[in-house]
Amino acid sequence: MGTSAARGRVAASAAALLAAGSLAAGCGGSDAGASSPPALTRDQARQVVASYAGTIGEAGSKLDASLLPKAETDPQLAMDTAAVKLRRAAKAKTGTLKLSHVNALVPRLSGYPRWFAADAVSGTGKEALRHALLFTQEKAGAPWLLASDPFPTDAALSRVTLDRDGYAASVAPSEGGLAIAPDKLAAAHATLLNEGPKAAGASKLAPGPKTTEAFAALRQAETGLQKDGITLASRFEAGPGRVYALRTRDGGALVWYVLKQREAYSAVKKGKLSVTGDLVGLAPPSSVSTRMDTTVLVQYLASVPAKGRAAVTGMYRKAVAATGH
């Protein structure tokens, strides 16, 4: 069951599926300024994106999750592995992934892990979906793997500042001079979703569909389920993975981060709970009787100004585990 809309994805499918650990310090490498070489050239970055699309397209068409580690790392890997399980259960293969309007945003870094972002679009017309791809390389000679891909609702990546050679600047996770430091975003967002917009620290985030409205929707869902004899307890926390940030032209930052959501459903009467929506493929339907526990990962993209409040502009949510009792 789940409580909000979630997008199932393999080959970046935009099909909507109704869902009925501490954030590691460091944003990968060191921001060494304009004197350091970029992690790779922009042309090389576009080649990485193209190679990724090919591998993911094959995984989607074959519904073969064993291909995903060739192109992805966590948290993206865990989320898309769950998406393959869902599509296999639904017998819904995906076609070739075609990414257009690819704009590689490569920061100048020293040390490892290295990383870069890419703005891209899949699909056309009403089916078009914008991506905020984030690729990482753990060490010299290691493959470039997709770590995160929240779906922005606006052209947030177009606001990243570039130097005269077309390269971006990374922002340290504990960066001062911002409305909120990048490495504090996940905790503030989790607090808001757990306790509401009036909780301490929650005011650092602007109201919107992924913050205040999401909190209200979850509370409404809990009330609706209670009337149907089902109790839902939900808790958010800072999720696995590093935080990454790029400088924007207004002096702010564009930040990628992850939350983990734990849900516990319980019902007195058998038959009230079932494995549906985003949870399909994660637990045998026969395993659920009066209790179901789920783990959900949610990737976010936020625009953080120098002053004011952070606006959450992108999200990708996927249940990755479920157990029944």
Side-chain angles (χ1 to χ4, degrees), residues 2-19 23 49 52-53 56-57 59-60 65 68 71-87 94 97 99 115 117-123 127-136 145-157 185-186 189-190 193 205 208-211 213-214 217-218 236-245 254-261 263 277-282 294-303 310-321:
T3 56
S4 63
R7 288 178 180 172
R9 52 172 285 148
V10 175
S13 169
L17 296 168
L18 286 180
L23 198 65
V49 174
Y52 157 78
I56 295 304
L68 295 177
E72 297 183 343
T73 187
D74 288 332
Q76 192 74 29
L77 177 59
M79 298 171 78
D80 282 353
T81 297
V84 169
K85 293 179 180 179
L86 185 155
R87 290 190 168 276
T94 60
L97 173 59
L99 293 172
W115 60 276
D119 192 4
V121 176
S122 64
E127 298 299 319
L129 181 66
R130 184 179 288 273
H131 300 259
L133 304 156
L134 196 293
F135 291 87
T136 66
L145 303 173
L146 183 75
S148 187
D149 180 18
F151 306 136
T153 54
D154 63 5
L157 274 71
L185 260 175
H189 199 164
L193 294 175
L205 288 96
K210 299 169 183 62
T211 54
E213 293 175 31
L218 180 57
F236 291 84
E237 63 187 65
R242 302 180 182 93
V243 58
Y244 299 89
L254 193 63
V255 184
W256 286 255
Y257 62 99
V258 183
L259 293 186
K260 179 186 288 186
Q261 179 188 13
E263 297 177 312
D278 199 35
L279 301 177
V280 171
L282 298 180
T294 74
T295 300
V296 177
L297 295 180
V298 195
Q299 301 173 8
Y300 289 104
L301 182 73
S303 294
V312 183
T313 63
M315 182 182 79
Y316 168 37
R317 178 189 189 277
K318 183 71 188 76
V320 297

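The structure presented is a predicted model; accordingly, all values stated were derived computationally and were not measured.
- Remark: S148 engages Q299 in a side chain to side chain donor-acceptor pair (under 3.5 Å) (not counting sequence neighbours).
- Every residue two or more places apart in sequence or in another chain that forms a side-chain contact (heavy atoms from CB on, under 4.5 Å) with L77 is listed here: L68, P69, E72, D74, T81.
- Between Y316 and F151, the angle of the ring planes lies from 30° to 60°, which puts this pair in the tilted group.
- Residues satisfying the side-chain contact (heavy atoms from CB on, under 4.5 Å) criterion with A310, sequence neighbours excluded, are I180, L185, V304.
- Listed by chain and number, the residues in a side-chain contact (heavy atoms from CB on, under 4.5 Å) with A53 are L97, L99 (sequence neighbours excluded).
- Taking the side chain as every heavy atom from C-beta outward, V49 and L133 approach each other to under 4.5 Å.
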Under the side chain to side chain contact (heavy atoms under 4.5 Å, CB included) criterion, do L134 and D149 qualify, and how do the steps go?
CA-CA 6 Å; L134 196 293; D149 180 18; over 6 Å; no

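- In this structure, T211 has no side chain to side chain donor-acceptor pair (under 3.5 Å) partners at least two apart in sequence or on a different chain.
- For the salt bridge (Lys or Arg N to Asp or Glu O under 4.0 Å) test, residues two or more places apart in sequence or in another chain that qualify with D119 are R130.
- Side-chain contact between L282 and K85: present, with at least one pair of heavy atoms (C-beta onward) separated by less than 4.5 Å.
- Between P75 and V258 the shortest heavy-atom distance is CG-CG2, 3.7 Å.
- In plain terms, the two heavy atoms of S122 and H131 that are nearest each other are OG-NE2, 2.7 Å.
- Checked against the 6.0 Å centroid criterion, the rings of H189 and Y300 qualify as a close aromatic pair.
- Evaluated for a side-chain contact (heavy atoms from CB on, under 4.5 Å) with L279, the options V296, T294, L86 yield exactly one hit, T294.
- Residues V312 and L205 have side chains in contact (heavy-atom distance under 4.5 Å, counting atoms from C-beta outward).
- Using a 4.5 Å heavy-atom threshold, the side chains of L301 and Y244 count as separate.
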Kindly indicate, with the supporting measurements, whether the criterion side chain to side chain contact (heavy atoms under 4.5 Å, CB included) is fulfilled by L259 and Q261.
CA-CA 7 Å; L259 293 186; Q261 179 188 13; over 6 Å; no

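- When all heavy atoms of A190 and A238 are compared, the pair lying nearest together is CB-N, 4.5 Å.
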Hey, mind stepping through K260 and T295 against side chain to side chain contact (heavy atoms under 4.5 Å, CB included) and telling me if it holds?
CA-CA 7 Å; K260 179 186 288 186; T295 300; 4.0 Å; yes

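- Residues satisfying the ring-ring contact (aromatic ring centres under 6.0 Å, His included) criterion with F135, sequence neighbours excluded, are Y52, F116.
- Taking both residues in full, the closest heavy atoms of L297 and M79 are given as O-CE, 3.3 Å, listed atom of the first, atom of the second, then distance.
- In this structure a side-chain-to-backbone donor-acceptor pair under 3.5 Å is present from T153 to T313.
- Checked by atom type and distance alone, the side chain of W256 pairs as donor or acceptor with a backbone atom of A132 at under 3.5 Å.
- Side chains of D278 and R317 form a contact here, defined as non-hydrogen atoms less than 4.5 Å apart.
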